[in-house]
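Here is the structure we will look at, set down as structure tokens.
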Amino acid sequence: MLTYQDFLKVGEDGKAAFVDMAIGVHKSSEMYEIAKTADLYDRQKNKTINEYVKTMFTLAGAPIEDFTASNNKITCNFFHRLNTQRCTYSLGNGIYFANDTNGTLKQQLGDAFDNAVYDAGYYALIHGVTFGFWNVDKLHVFPLTEFVPLWDEMDGTLKAGIRFWQIDDSKPMIAVLYEIDGYTRFQTVTKTRGKGKDMETYSELEESQPKRPYKLTVRINEVGDETVIGEDGYSQLPIVPFWGSKLKQSTLVGMQQAIDSFDLIRSGFANDLTDCAEIYWMIENCGGMNEDDLARFRDRLKLNHIVEVPTGDGAKATPYTQEIPHAARMEYLNSIRTGIYEDFGGLDVHQVNADSTNDHLEAAYQPLDENADDFERHCIEFIQQILVIAGIEPDMPIFKRNRISNQKEQVEIVLQEAEYLDTETILSKLPNITPDEVKEIMKRRDRESMERFGTNKPLEDTENQPDESEDSEE
């Protein structure tokens, strides 16, 4: 691991070499490798089953690929499904703030803020950590597979970082070094060395744009010429880490082995049904065959499904079959599936009955709620740090969890309590109304009240106004 202190040791002339080395060290780290593997499982390109090759052994005992056997590769989608469930559960309905009654705070953050936080949360789960860059008025998300963090050895905070990307191996790699006082852009350049037959080409990372501050004040004259009249920045690095859990590791850790076992068993089941691998043959009165003869006999059966048996002396080959153990495999697959959901803390909708009461649903959601509490704690910390960088007064984020419920029963409970609650609280507790809709409904009710009573104040305000009739008579 290269740290911020290692970066401080290099001078201005050594930054390009350090950036190149830091990217190489980062790509060889365990966390990066796990993140790359997690991306494969997230795209349902499960690594273990896709790399699995059936083997057979020669007479000499050497393993070779068995090209005669079926090799179906069936991949499950547990990883994407469960991480989507956990992320959507907390962030699927967007972020709201406790004191943002008129929506001005959300306007300052921009319309794309909710989507950016969702992307950051999802990458934080599958990679273990992701990074949010507040760029003047917009949040950008840097996944771990594209960002090298430079942590401070003294306090463990993020003091600098390197964003890198490359469209294709034949294209140049772009890297951006982010420091507290600005950012510097680098790019690989193809060069040659040697002469004649010894000439070779190589790539080297070079600075393509000198350090620039994060904020520039530019004046544009009538002909379109730009003049920089002011530079500004942030008091801290405008990049914030977003951890997916207190474990600070990918959700693939611990789940990969269960997914691989599920894939291998289900794929093996399909292969057995395809090529009847459970069939075997009993050879009688063929004692004159040596090992080579038996091997040729077996190969002809597998390839051509027909073979010549020597006549005379009662020589014959009798096929026998076994029932494929369907029940045992299905039981084991169901056991693995249940274990994956239990270990991840997910909600298996197949375990919820259609007529379940809210009490049953609350119990089913308990593991998901526990993991959501941990996830939202890190989400709150991430968002509040972004608010500080953006120069916005910190506020408490509120999450409207995306869950199924017995809505009829829930509405009945709210209506029973309605006489003790104000209108806004009643609307906020109804399961089919979002916080944004509550504000709009309250505004429309105020307008209707003003039209009905011919006043410039909402109904609830007029009801609480003192009676001034006596004062006016006096």
Side-chain angles (χ1 to χ4, degrees), residues 1-4 22 26-27 29-39 41-42 79-80 82-92 94-95 109 113-134 139-163 178 236-256 343-346 367-390 394-399 401:
M1 173 186 288
L2 293 176
T3 64
Y4 180 65
H26 180 66
K27 287 184 175 181
S29 66
E30 180 184 11
M31 202 166 188
Y32 178 87
E33 290 295 331
I34 294 175
K36 293 290 288 186
T37 303
D39 285 340
Y41 279 78
D42 187 52
F79 189 70
H80 178 77
L82 287 170
N83 282 286
T84 299
Q85 183 186 83
R86 182 178 293 182
C87 188
T88 304
Y89 186 60
S90 297
L91 302 176
I95 304 294
L109 294 172
F113 183 76
D114 286 344
N115 291 335
V117 171
Y118 181 92
D119 292 339
Y122 191 80
Y123 279 122
L125 289 172
I126 68 173
H127 291 169
V129 65
T130 193
F131 302 88
F133 168 45
W134 181 255
L139 179 64
H140 300 271
V141 179
F142 297 159
L144 183 65
T145 52
E146 297 178 4
F147 187 80
V148 183
L150 297 176
W151 307 101
D152 191 293
E153 297 176 8
M154 301 297 106
D155 55 18
T157 59
L158 186 68
K159 291 295 181 63
I162 304 165
R163 169 86 189 285
Y178 293 93
Q236 64 183 84
L237 185 72
I239 300 177
V240 179
F242 186 167
W243 297 98
S245 70
K246 62 182 179 183
L247 298 176
K248 296 186 177 182
Q249 66 182 18
S250 168
T251 51
L252 184 65
V253 177
M255 193 196 301
Q256 182 178 355
D343 292 342
F344 190 84
L368 189 57
D369 284 330
E370 293 170 354
N371 284 281
D373 291 338
D374 179 44
F375 176 63
E376 290 173 7
R377 179 170 64 89
H378 294 282
C379 189
I380 291 172
E381 183 180 352
F382 171 76
I383 293 174
Q384 289 185 335
Q385 290 187 54
I386 292 294
L387 294 180
V388 172
I389 294 173
D395 200 348
M396 176 59 67
I398 298 175
F399 310 92
R401 294 182 175 178

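Because only heavy atoms are used, hydrogens play no part in the values below, and waters and symmetry mates are left out as well, while side chains stay in.
- S29 places a side-chain N or O within donor-acceptor distance of the main-chain N or O of H26, the cut-off being under 3.5 Å.
- Although no hydrogens or angles enter the test, the distance criterion places no donor-acceptor pair under 3.5 Å between the side chain of D374 and the main chain of E370.
- Of all non-hydrogen atoms in A35 and T145, the two that sit nearest each other are CB-CG2, 3.8 Å.
- Between Q256 and T37 there is a side-chain heavy-atom pair separated by less than 4.5 Å.
- Taking OH of Y89 as the reference point, atom OG1 of T84 lies at 16.0 Å (rounded to 0.5 Å).
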> Does the side-chain contact (heavy atoms from CB on, under 4.5 Å) test come out yes or no for Y41 and H80, once each step is laid out?
Replying inline: CA-CA 7 Å; Y41 279 78; H80 178 77; over 6 Å; no
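- To the nearest 0.5 Å, the span separating CD on Q385 from CD1 on I239 amounts to 12.5 Å.
- Residues T251 and F344 meet the side-chain proximity criterion, which asks for heavy atoms closer than 4.5 Å.
- Side-chain contact, T157 with D152: no donor N or O sits under 3.5 Å from an acceptor N or O.
- For the atom pair CD1 of I95 and CZ of F399, the computed distance is 4.5 Å after rounding to the nearest 0.5 Å.
- For the ring-ring contact (aromatic ring centres under 6.0 Å, His included) with F131, the lone residue among W243, F147, F382 that qualifies is F147.
- Looking at Q249 and M31, their side chains never come closer than 4.5 Å, going by heavy atoms from C-beta outward.
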>> V240 vs W134, test: side-chain contact (heavy atoms from CB on, under 4.5 Å). Steps then yes/no.
In response: CA-CA 8 Å; V240 179; W134 181 255; over 6 Å; no
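- A heavy-atom distance below 4.5 Å is not found between the side chains of K248 and V129.
- The two residues V388 and P394 come nearest to each other via the heavy atoms CG2-CG, 4.2 Å.
- Atom OH of Y118 and atom OG of S90 lie 10.5 Å apart (nearest 0.5 Å).
- Within the 3.5 Å criterion, the main-chain N or O of K246 finds a donor-acceptor partner in the side chain of H378.
- In this structure, P149 and L158 approach most closely via the heavy-atom pair CB-CD1, 3.6 Å.
- Closest heavy-atom contact between G346 and L82: CA-CD2, 4.2 Å.
- No side-chain donor-acceptor contact under 3.5 Å links S250 to the backbone of I34.
- F375 does not carry R86 over the face of its six-membered ring by the limits of under 6.0 Å from the centre and within 45° of the normal.
- Rounded to the nearest 0.5 Å, atoms CG (L150) and OH (Y4) are 9.0 Å apart.
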>> side-chain contact (heavy atoms from CB on, under 4.5 Å) for L109 and L139? Distances and angles first, verdict last.
In response: CA-CA 8 Å; L109 294 172; L139 179 64; over 6 Å; no
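- Between E376 and R401 there is a salt bridge, with a side-chain nitrogen of the basic residue lying less than 4.0 Å from a carboxylate oxygen of the acidic one.
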> Which is it for F142 and F133 under the side-chain contact (heavy atoms from CB on, under 4.5 Å) test, yes or no, and what are the steps along the way?
Replying inline: CA-CA 7 Å; F142 297 159; F133 168 45; 3.7 Å; yes
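- Of the N and O atoms on the side chains of Y122 and D42, at least one donor lies less than 3.5 Å from an acceptor on the other residue.
- Here the shortest heavy-atom pairing between G156 and W151 reads O-CE3, 3.4 Å.
- How far OH of Y32 is from CG of L144: 8.5 Å, rounded to the nearest 0.5 Å.
- Taking 4.0 Å as the cut-off between side-chain N and carboxylate O, K36 and D39 do not count as a salt-bridged pair.
- A pairwise comparison of heavy atoms in I162 and A22 identifies CD1-CB, 3.8 Å as the closest pair.
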